Enquirer: 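First, the structure itself, so that you have it in front of you.
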Amino acid sequence: MTARTDELLRAEDVSRHFPIRGPFGTRTGVLKAVDRVTLDIRRGETLALVGESGSGKTTLGRCLLQMEPVTSGRVRYEGVDLTALPPQRRRGYHRSMQVIYQDPFSSLNPHRTALQQVLEPLRVLTTDADPTGRALEALEQVGITGDAVHKYPRAFSGGQRQRIGIARAISVRPAFVMCDEPVSALDVSIQAQIVNLLTRLQGELGLTYLFISHDLSVVRHIATRVAVMYRGRLLELGDTEEVFADPRHPYTRSLLRAIPVADPRRARAAALRPSPGRPEFDWPEEPQPLVEVSPGHLVAT
Amino acid sequence: MTDALRLSGLTVDITSRDGAAVRVLHDVDFRVGRGEIVGVVGESGSGKTMLMRSVVDILPERAIRSWSACEVDGSDRTARERRERLPVSMIFQDPMTSLNPVRRIGFHLVEVIRRFQRLTGQRAKRLAIDTLDQVGIDDPARRYRQYPHELSGGMRQRVMIAMALLARPALLIADEPTTALDVTVQAQILDLITSLRRDAGLSVALVTHDLGVVAGTCDRVAVMCRGRIVEEGTTDEVFYDARHPYTRALLAAVPGADAARPGLATTGEPVEAGWVDAGAVHVRHSPTHRSLVPAEVAA
């Protein structure tokens, strides 16, 4: 992969290992939560990171945002190696890189009103002269207006709480937002509203998203490109339509086949095909560089 | 042939501390035929879980339940429960909190076997291991000795299903059984439920918010909204000939149904009151298909 001009964020050979400790705190092994992943995120795109729970997708996201130290490798933001910066200088980048969390019930402080929730990052990360005005503007962008801004989280539904979480992320005018399973705690109809809101904000504010999800139907809808992770490694990366139409890695194929189809006739037709069982593929000792099978479509060997 | 479950006129009110009552289920009729898998779909707060909890009598404390009839496996539920145990098992969304963390897997299974099948010792153990094998757990003898934390979420949900089956139910109620699981594991659990229906004639009420799960698994579907069943029919009738505006909105909100569409349709607009509230009446479109329509439309 050569550096592209429209590249915003880049992970180079990033690993994150955790020690596995035995009964007396002795180190008995190492868990490679992220195992030598290289990928780039382009300005203005939505890169989806998909995989099962435990595949390392959230840990990789956290490494990109410097919420988690990398064991090895580099993370570059607009060409600057964040992993090499001293912590004080790294803080400047926190304003540009924000997060939306999965669970809108536990990610908001129950003792603060919607407005106070949004004011907090503005006060910490910006020197905005009028943080209240900016916070109200952010809340309005997600559709929370009027007296509602003075209400506490318990007065809001799950979808509205997620809107507050989004307002908090966009209030500081970031360039990059990591959405960590932003809709998986919500009902289907509310999911659609939040996905549409994210898409609209991306257009209005020129945001770049890393969209972490295990829900492949939402991913297909929102993502420009898809990265598939399994057991800490990146197995496939490519344009969304190409990966869905022509998945190359056996693991990606099995993942796509497992999506329930909301169409009874197609579901019945699929059920007649023999069940593929667990996919079999090589698992080299060390992850190998991905191979480009068509322009921009990379697959692990 | 008798049904596994036949409920009519079920109404549930929940009273708040100041005595005001909120009606969470309005005059619901619901049926699960023997060997049938019936899906119950709707958003949170639509009453689908309350409906299932009414059957096994685990409603919240301040709930008041009334029905005109409830038959389980062909006989009156209340009389049956007084005479013997109720032949209904229920499994829940979260397999992480449903097992006792300080007891081995075997303990959970043998507890059910001793209670419901009057077997003990080695015979109980053998049955437990056979059942683990039946629900697709590899190396069941080893799993029998393990603790819940040693098993993955999918494995734990299989253990829950094994426990449910050992109670020999006429009806299995599965409340969002795959919502907490990954898509590949979800597919395996749904395969398991389908094969238990095929091989053992199990009757299942499957509560879910995922229309994809319904399409691939269920024979019939009931769509719930604001405490009422707004539409009910065979899976094909509901998916290809939806009559109620809420059902249509729900189907349109499924992502991926049409990948080329620029925005996802939402059900953000509340369904017009006349279609769900007191005045609405059920109209039959076929022997198996009914939906709510406003009284003036029906007339």
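Since we're looking at a predicted model, the values are computed, not measured. Letters A, B, ... mirror the listed sequences (proteins, then strands); counts begin at 1.
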Enquirer: Pull out the residues in residues 234-243 of chain B that come under 4.5 Å of chain A, heavy atom to heavy atom, sorted by number.
Expert: B:Thr235, B:Asp236, B:Phe239, B:Tyr240
Enquirer: Can you tell which part of B:Ala187 gets under 4.5 Å to a heavy atom of chain A, answering side chain, backbone, both or neither?
Expert: side chain
Enquirer: Nearest 0.5 Å please: distance from the OH atom of A:Tyr251 over to the OG1 atom of B:Thr184.
Expert: 5.5 Å
Enquirer: Would you say that B:Val183 contacts A:Pro260 through its side chain, given a criterion of any heavy-atom pair below 4.5 Å between the two side chains?
Expert: yes
Enquirer: Counting neighbours of CD on B:Glu150 that are heavy atoms of other residues, nucleotides or ligands and sit closer than 6.0 Å, is the number greater than 12?
Expert: yes
Enquirer: Give a yes or no on this: more than 12 heavy atoms of other residues, nucleotides or ligands lie within 6.0 Å of atom CG of B:Asp18.
Expert: yes
Enquirer: Restricting to salt bridge (Lys or Arg N to Asp or Glu O under 4.0 Å), what partner residues turn up for B:Asp139, sequence neighbours left out?
Expert: B:Arg142
Enquirer: A quick test of your reading: do over 12 heavy atoms of other residues, nucleotides or ligands sit less than 6.0 Å from CG of A:Asp282?
Expert: no
Enquirer: Test of understanding: with side chain to side chain donor-acceptor pair (under 3.5 Å), list the residues that count as partners of A:Arg253, not counting sequence neighbours.
Expert: none
Enquirer: Enumerate the salt bridge (charged side-chain N to carboxylate O under 4.0 Å, His left out) contacts for residues 191-206 of chain A, please, sequence neighbours excluded, ordered by first and then second residue.
Expert: A:Arg200-A:Glu204
Enquirer: Within a radius of less than 6.0 Å around CZ of A:Arg154, do more than 12 heavy atoms belonging to other residues, nucleotides or ligands occur?
Expert: no
Enquirer: Rounded to the nearest 0.5 Å, how far apart are CG of A:Asp263 and CG of B:Leu211?
Expert: 11.5 Å
Enquirer: As an exercise, state the distance from NE2 of B:His209 to CD1 of A:Ile190, rounded to the nearest 0.5 Å.
Expert: 11.5 Å
